[in-house]
There are 2 protein chains.
Amino acid sequence: MNSKNIKLIDQKMLLETQKILSLLKNPVRLQILHILSQKSLRVSDIVELLNLDQSLISHHLSELRKYQLVSAKRDGKSIYYELDDPHILDIVNETLEHANHVLHGKKHDE
Amino acid sequence: MNSKNIKLIDQKMLLETQKILSLLKNPVRLQILHILSQKSLRVSDIVELLNLDQSLISHHLSELRKYQLVSAKRDGKSIYYELDDPHILDIVNETLEHANHVLHGKKHDE
DNA sequence: AGTTCATATTAACTTCCTTTCATATGAATA
DNA sequence: TATTCATATGAAAGGAAGTTAATATGAACT
(Lines give C-alpha, C1' and ligand atoms only; values in the text may rest on other atoms or scores of the structure.)
Protein backbone atom coordinates (compact mmCIF):
# COMPACT_ATOMS: atom_id res chain seq x y z
CA MET A 1 0.00 0.00 0.00
CA ASN A 2 1.45 3.43 0.89
CA SER A 3 1.67 6.24 3.40
CA LYS A 4 -1.89 7.36 2.80
CA ASN A 5 -3.53 3.95 2.96
CA ILE A 6 -4.71 4.26 -0.59
CA LYS A 7 -4.98 1.16 -2.74
CA LEU A 8 -3.65 1.26 -6.27
CA ILE A 9 -4.75 -1.00 -9.07
CA ASP A 10 -1.94 -3.45 -9.70
CA GLN A 11 -0.03 -3.58 -12.95
CA LYS A 12 -1.55 -6.77 -14.35
CA MET A 13 -5.08 -5.66 -13.65
CA LEU A 14 -4.30 -2.33 -15.21
CA LEU A 15 -3.03 -3.95 -18.38
CA GLU A 16 -5.97 -6.29 -18.67
CA THR A 17 -8.41 -3.47 -18.02
CA GLN A 18 -6.76 -1.34 -20.62
CA LYS A 19 -6.97 -4.14 -23.14
CA ILE A 20 -10.68 -4.64 -22.58
CA LEU A 21 -11.54 -0.97 -22.64
CA SER A 22 -9.45 -0.32 -25.72
CA LEU A 23 -11.36 -3.01 -27.52
CA LEU A 24 -14.71 -1.65 -26.41
CA LYS A 25 -13.89 1.95 -27.04
CA ASN A 26 -13.93 1.61 -30.80
CA PRO A 27 -17.40 2.34 -32.22
CA VAL A 28 -17.17 -0.25 -34.97
CA ARG A 29 -16.21 -2.97 -32.53
CA LEU A 30 -18.90 -1.88 -30.11
CA GLN A 31 -21.51 -2.16 -32.83
CA ILE A 32 -20.19 -5.55 -33.84
CA LEU A 33 -20.42 -6.84 -30.27
CA HIS A 34 -23.88 -5.39 -29.89
CA ILE A 35 -24.98 -6.99 -33.15
CA LEU A 36 -23.52 -10.37 -32.27
CA SER A 37 -25.18 -10.25 -28.88
CA GLN A 38 -28.45 -10.47 -30.77
CA LYS A 39 -27.57 -13.08 -33.35
CA SER A 40 -24.64 -14.96 -34.86
CA LEU A 41 -23.99 -13.59 -38.31
CA ARG A 42 -21.78 -13.88 -41.36
CA VAL A 43 -19.13 -11.30 -42.07
CA SER A 44 -21.09 -10.09 -45.08
CA ASP A 45 -24.16 -9.56 -42.88
CA ILE A 46 -22.19 -7.34 -40.55
CA VAL A 47 -20.72 -5.46 -43.48
CA GLU A 48 -24.21 -4.85 -44.78
CA LEU A 49 -25.68 -3.85 -41.43
CA LEU A 50 -22.96 -1.35 -40.69
CA ASN A 51 -22.43 -0.30 -44.27
CA LEU A 52 -18.66 -0.31 -44.00
CA ASP A 53 -15.82 -1.84 -45.99
CA GLN A 54 -15.49 -5.58 -45.79
CA SER A 55 -11.83 -5.14 -45.11
CA LEU A 56 -12.46 -2.87 -42.16
CA ILE A 57 -14.94 -5.27 -40.62
CA SER A 58 -12.51 -8.14 -41.05
CA HIS A 59 -9.76 -6.19 -39.35
CA HIS A 60 -11.97 -5.47 -36.38
CA LEU A 61 -13.23 -9.03 -36.19
CA SER A 62 -9.67 -10.17 -36.15
CA GLU A 63 -8.94 -7.91 -33.19
CA LEU A 64 -11.96 -9.22 -31.35
CA ARG A 65 -10.96 -12.79 -32.13
CA LYS A 66 -7.43 -12.17 -30.96
CA TYR A 67 -8.77 -11.31 -27.52
CA GLN A 68 -11.33 -14.08 -27.63
CA LEU A 69 -14.35 -11.86 -27.46
CA VAL A 70 -15.78 -13.52 -30.54
CA SER A 71 -15.22 -16.81 -32.34
CA ALA A 72 -15.66 -17.86 -35.94
CA LYS A 73 -16.91 -20.99 -37.61
CA ARG A 74 -17.42 -21.79 -41.24
CA ASP A 75 -20.75 -22.89 -42.68
CA GLY A 76 -20.66 -23.47 -46.40
CA LYS A 77 -19.07 -20.55 -48.09
CA SER A 78 -19.51 -18.10 -45.26
CA ILE A 79 -17.98 -17.65 -41.90
CA TYR A 80 -20.22 -17.06 -38.96
CA TYR A 81 -19.17 -15.06 -35.97
CA GLU A 82 -20.57 -15.33 -32.51
CA LEU A 83 -19.92 -13.84 -29.10
CA ASP A 84 -17.41 -15.90 -27.25
CA ASP A 85 -17.44 -13.98 -24.01
CA PRO A 86 -20.94 -12.99 -22.93
CA HIS A 87 -19.49 -11.55 -19.76
CA ILE A 88 -18.13 -8.65 -21.76
CA LEU A 89 -21.71 -7.60 -22.37
CA ASP A 90 -22.01 -6.63 -18.74
CA ILE A 91 -19.48 -3.93 -19.32
CA VAL A 92 -21.01 -2.88 -22.61
CA ASN A 93 -24.46 -2.66 -21.08
CA GLU A 94 -23.28 -0.86 -18.01
CA THR A 95 -21.65 1.69 -20.27
CA LEU A 96 -24.62 2.05 -22.59
CA GLU A 97 -26.81 2.62 -19.55
CA HIS A 98 -24.46 5.27 -18.32
CA ALA A 99 -24.43 6.92 -21.74
CA ASN A 100 -28.19 6.85 -21.72
CA HIS A 101 -28.30 8.54 -18.34
CA VAL A 102 -25.96 11.27 -19.42
CA LEU A 103 -27.93 11.85 -22.60
CA HIS A 104 -31.46 11.68 -21.24
CA GLY A 105 -31.77 10.61 -17.63
CA LYS A 106 -30.00 13.63 -16.37
CA LYS A 107 -26.59 14.62 -15.21
CA HIS A 108 -26.00 14.29 -11.49
CA ASP A 109 -25.54 18.03 -11.04
CA GLU A 110 -28.52 19.36 -12.93
CA MET B 1 -34.16 -1.21 -37.63
CA ASN B 2 -33.26 -3.28 -40.72
CA SER B 3 -33.94 -6.36 -42.78
CA LYS B 4 -32.56 -8.69 -40.17
CA ASN B 5 -34.32 -7.22 -37.17
CA ILE B 6 -31.04 -6.33 -35.58
CA LYS B 7 -30.82 -3.24 -33.40
CA LEU B 8 -27.88 -0.92 -33.81
CA ILE B 9 -26.57 1.46 -31.20
CA ASP B 10 -27.56 4.95 -32.26
CA GLN B 11 -25.04 7.61 -33.12
CA LYS B 12 -25.38 9.73 -29.98
CA MET B 13 -25.11 6.77 -27.67
CA LEU B 14 -22.11 5.61 -29.61
CA LEU B 15 -20.37 8.94 -29.20
CA GLU B 16 -21.12 9.17 -25.51
CA THR B 17 -20.01 5.60 -24.95
CA GLN B 18 -16.81 6.22 -26.81
CA LYS B 19 -16.14 9.29 -24.71
CA ILE B 20 -16.58 7.40 -21.45
CA LEU B 21 -14.53 4.42 -22.49
CA SER B 22 -11.75 6.55 -23.89
CA LEU B 23 -11.49 8.30 -20.57
CA LEU B 24 -11.44 5.04 -18.65
CA LYS B 25 -9.10 3.26 -20.98
CA ASN B 26 -6.08 5.30 -19.94
CA PRO B 27 -4.21 3.65 -17.06
CA VAL B 28 -3.23 6.92 -15.41
CA ARG B 29 -6.80 8.15 -15.44
CA LEU B 30 -8.04 4.81 -14.20
CA GLN B 31 -5.66 4.97 -11.26
CA ILE B 32 -6.69 8.53 -10.53
CA LEU B 33 -10.36 7.60 -10.47
CA HIS B 34 -9.65 4.60 -8.33
CA ILE B 35 -7.63 6.73 -5.93
CA LEU B 36 -10.25 9.44 -5.71
CA SER B 37 -12.94 6.86 -5.09
CA GLN B 38 -11.16 6.21 -1.80
CA LYS B 39 -10.40 9.76 -0.75
CA SER B 40 -10.33 13.33 -2.03
CA LEU B 41 -6.76 14.37 -2.50
CA ARG B 42 -4.48 17.19 -3.61
CA VAL B 43 -2.75 17.09 -6.95
CA SER B 44 0.58 16.67 -5.24
CA ASP B 45 -0.75 13.65 -3.33
CA ILE B 46 -1.74 11.98 -6.57
CA VAL B 47 1.61 12.83 -8.10
CA GLU B 48 3.33 11.21 -5.16
CA LEU B 49 1.10 8.13 -5.11
CA LEU B 50 1.56 7.42 -8.78
CA ASN B 51 5.10 8.69 -8.99
CA LEU B 52 4.54 10.51 -12.25
CA ASP B 53 5.22 14.02 -13.50
CA GLN B 54 3.09 16.74 -12.00
CA SER B 55 2.43 17.99 -15.49
CA LEU B 56 1.14 14.65 -16.64
CA ILE B 57 -1.21 14.32 -13.71
CA SER B 58 -2.53 17.81 -14.30
CA HIS B 59 -3.18 17.01 -17.93
CA HIS B 60 -5.17 13.96 -17.02
CA LEU B 61 -7.06 15.73 -14.28
CA SER B 62 -7.97 18.38 -16.76
CA GLU B 63 -9.40 15.75 -19.10
CA LEU B 64 -11.39 14.20 -16.29
CA ARG B 65 -12.66 17.61 -15.26
CA LYS B 66 -13.62 18.45 -18.81
CA TYR B 67 -16.00 15.50 -18.80
CA GLN B 68 -17.13 16.15 -15.26
CA LEU B 69 -15.85 12.94 -13.82
CA VAL B 70 -14.00 14.84 -11.14
CA SER B 71 -14.22 18.31 -9.65
CA ALA B 72 -11.68 20.57 -8.01
CA LYS B 73 -11.77 22.91 -5.08
CA ARG B 74 -9.08 24.97 -3.48
CA ASP B 75 -8.16 24.69 0.17
CA GLY B 76 -5.30 26.94 1.18
CA LYS B 77 -2.47 26.55 -1.24
CA SER B 78 -3.55 23.23 -2.64
CA ILE B 79 -6.31 22.09 -4.90
CA TYR B 80 -8.31 19.10 -3.87
CA TYR B 81 -9.89 16.78 -6.38
CA GLU B 82 -12.87 14.58 -5.79
CA LEU B 83 -15.04 12.22 -7.79
CA ASP B 84 -17.91 14.09 -9.31
CA ASP B 85 -19.66 11.15 -10.90
CA PRO B 86 -19.77 8.10 -8.64
CA HIS B 87 -21.84 6.32 -11.25
CA ILE B 88 -18.75 5.96 -13.38
CA LEU B 89 -17.38 3.65 -10.72
CA ASP B 90 -19.92 1.04 -11.71
CA ILE B 91 -18.23 0.76 -15.06
CA VAL B 92 -14.77 0.81 -13.55
CA ASN B 93 -15.67 -1.89 -11.07
CA GLU B 94 -17.42 -4.03 -13.61
CA THR B 95 -14.30 -3.86 -15.74
CA LEU B 96 -11.90 -4.55 -12.89
CA GLU B 97 -13.99 -7.56 -11.97
CA HIS B 98 -13.84 -8.78 -15.51
CA ALA B 99 -10.09 -8.28 -15.60
CA ASN B 100 -9.84 -10.21 -12.40
CA HIS B 101 -11.78 -13.08 -13.87
CA VAL B 102 -9.65 -13.24 -16.93
CA LEU B 103 -6.48 -13.14 -14.86
CA HIS B 104 -7.40 -15.57 -12.11
CA GLY B 105 -10.96 -16.81 -12.21
CA LYS B 106 -10.32 -18.50 -15.49
CA LYS B 107 -11.27 -17.96 -19.07
CA HIS B 108 -14.63 -19.32 -20.09
CA ASP B 109 -13.10 -21.91 -22.43
CA GLU B 110 -10.44 -23.40 -20.22
C1' DA C 1 2.89 44.95 -3.35
C1' DG C 2 6.29 41.22 -4.03
C1' DT C 3 7.46 36.53 -3.52
C1' DT C 4 6.52 31.84 -3.22
C1' DC C 5 4.35 27.69 -3.95
C1' DA C 6 1.01 24.51 -6.15
C1' DT C 7 -1.13 23.70 -10.19
C1' DA C 8 -2.22 24.60 -15.16
C1' DT C 9 -1.10 25.36 -19.87
C1' DT C 10 1.33 25.35 -24.41
C1' DA C 11 3.92 23.38 -27.77
C1' DA C 12 6.58 19.79 -29.71
C1' DC C 13 7.46 15.08 -30.13
C1' DT C 14 6.32 10.25 -30.23
C1' DT C 15 3.59 6.46 -30.29
C1' DC C 16 -0.57 4.09 -31.14
C1' DC C 17 -5.14 3.42 -33.83
C1' DT C 18 -7.92 3.50 -37.60
C1' DT C 19 -8.89 3.24 -42.27
C1' DT C 20 -7.96 2.26 -47.10
C1' DC C 21 -6.20 -0.10 -50.98
C1' DA C 22 -4.37 -3.87 -53.07
C1' DT C 23 -3.77 -8.48 -52.86
C1' DA C 24 -3.67 -13.28 -50.75
C1' DT C 25 -5.97 -17.37 -49.09
C1' DG C 26 -8.51 -21.25 -49.15
C1' DA C 27 -12.86 -23.77 -48.97
C1' DA C 28 -16.59 -24.77 -52.10
C1' DT C 29 -18.48 -25.71 -56.30
C1' DA C 30 -18.32 -26.52 -61.44
C1' DT D 1 -8.26 -29.31 -60.86
C1' DA D 2 -9.76 -24.70 -62.22
C1' DT D 3 -12.64 -21.17 -60.88
C1' DT D 4 -15.29 -18.52 -57.91
C1' DC D 5 -16.70 -16.48 -53.86
C1' DA D 6 -16.19 -14.93 -49.02
C1' DT D 7 -13.05 -13.54 -45.93
C1' DA D 8 -8.32 -12.33 -44.34
C1' DT D 9 -4.02 -9.96 -44.50
C1' DG D 10 -0.08 -6.53 -45.27
C1' DA D 11 1.48 -2.20 -45.98
C1' DA D 12 0.93 2.64 -46.14
C1' DA D 13 -1.21 6.99 -44.84
C1' DG D 14 -3.57 9.99 -41.80
C1' DG D 15 -5.23 11.24 -37.42
C1' DA D 16 -5.72 10.93 -32.42
C1' DA D 17 -3.81 10.33 -27.88
C1' DG D 18 -0.01 10.31 -24.49
C1' DT D 19 4.19 12.23 -22.70
C1' DT D 20 7.69 15.67 -21.74
C1' DA D 21 9.82 20.08 -21.04
C1' DA D 22 9.42 24.71 -20.43
C1' DT D 23 6.80 28.27 -18.87
C1' DA D 24 2.53 30.72 -17.18
C1' DT D 25 -0.89 31.60 -13.64
C1' DG D 26 -2.74 33.09 -9.65
C1' DA D 27 -3.96 32.52 -4.80
C1' DA D 28 -1.60 32.78 -0.35
C1' DC D 29 1.50 34.44 2.68
C1' DT D 30 5.24 37.99 3.88
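Note that the structure is predicted; figures quoted are calculated from it, not measured. FYI, side chains are in, hydrogens and waters are out, and symmetry mates aren't considered; it's all heavy atoms of this structure. Lettering of chains follows the sequences in order, A, B, ..., and the numbering in each one begins at 1.
In this entry the distance linking CD1 of B/Ile79 with C1' of D/dA28 reads 12 Å, nearest Å. Atom CG of B/Leu50 is separated from atom P of D/dT20 by 13 Å (rounded to the nearest Å). In this structure, the CG atom of A/Leu21 is 16 Å from the C1' atom of D/dG18, given to the nearest Å. One atom, NZ of A/Lys77, and another, C1' of D/dT4, lie 6 Å apart when rounded to the nearest Å.
Separating the CD atom in B/Glu94 from the CG atom in A/Asp90 is a distance of 4.5 Å, to the nearest 0.5 Å. Between atom CD1 of residue B/Ile32 and atom NE2 of residue B/His60 there is a gap of 6.5 Å, rounded to the nearest 0.5 Å. Separation of atoms CD (A/Glu16) and CG (B/Leu103) is listed at 5.0 Å; rounding is to 0.5 Å. Rounding to the nearest 0.5 Å gives a distance of 6.5 Å between CG of A/Leu21 and CD1 of A/Ile91. Here the CG atom belonging to B/Leu69 is positioned 11.5 Å from the CG atom belonging to B/Leu61, to the nearest 0.5 angstrom. With rounding to the nearest 0.5 Å, the separation of CD in A/Glu97 from NE2 in B/His87 is 6.0 Å.
At a threshold of 4.5 Å between side-chain heavy atoms, the hydrophobic network of Ile, Leu, Val, Met, Phe, Trp and Tyr places A/Tyr80 and A/Ile46 in two separate groups. Both A/Leu14 and B/Leu49 sit in one connected hydrophobic cluster of ILVMFWY residues. Membership requires side-chain heavy atoms under 4.5 Å apart, directly or through other members.
Toward the 5' end of DNA chain D, the nearer of the two residues A/Arg65 and B/Val28, judged by each one's closest nucleotide, is A/Arg65.
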How does protein reach along nucleotides 11-17 of chain D, written 5' to 3' as B (base within reach of a heavy atom under 4.0 Å), S (only sugar-phosphate), or - (no contact)?
-> B------
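At a threshold of 4.0 angstrom between heavy atoms, the contacts of A/Ser78 are confined to the sugar-phosphate backbone, with no base atom among them. Residue contacts shown for A/Tyr80 are absent, as no nucleic acid heavy atom lies under 4.0 Å away. Residue B/Ser58 is in base contact, counting any heavy-atom pair closer than 4.0 Å across all strands shown.
Using a 4.5 Å heavy-atom threshold, the side chains of A/Leu96 and A/Asn93 count as touching.
Taking every nucleotide of DNA chain C with any atom under 4.0 Å from a non-hydrogen atom of chain A, the first and last of them, 5' to 3', are C/dT18 to C/dA28.
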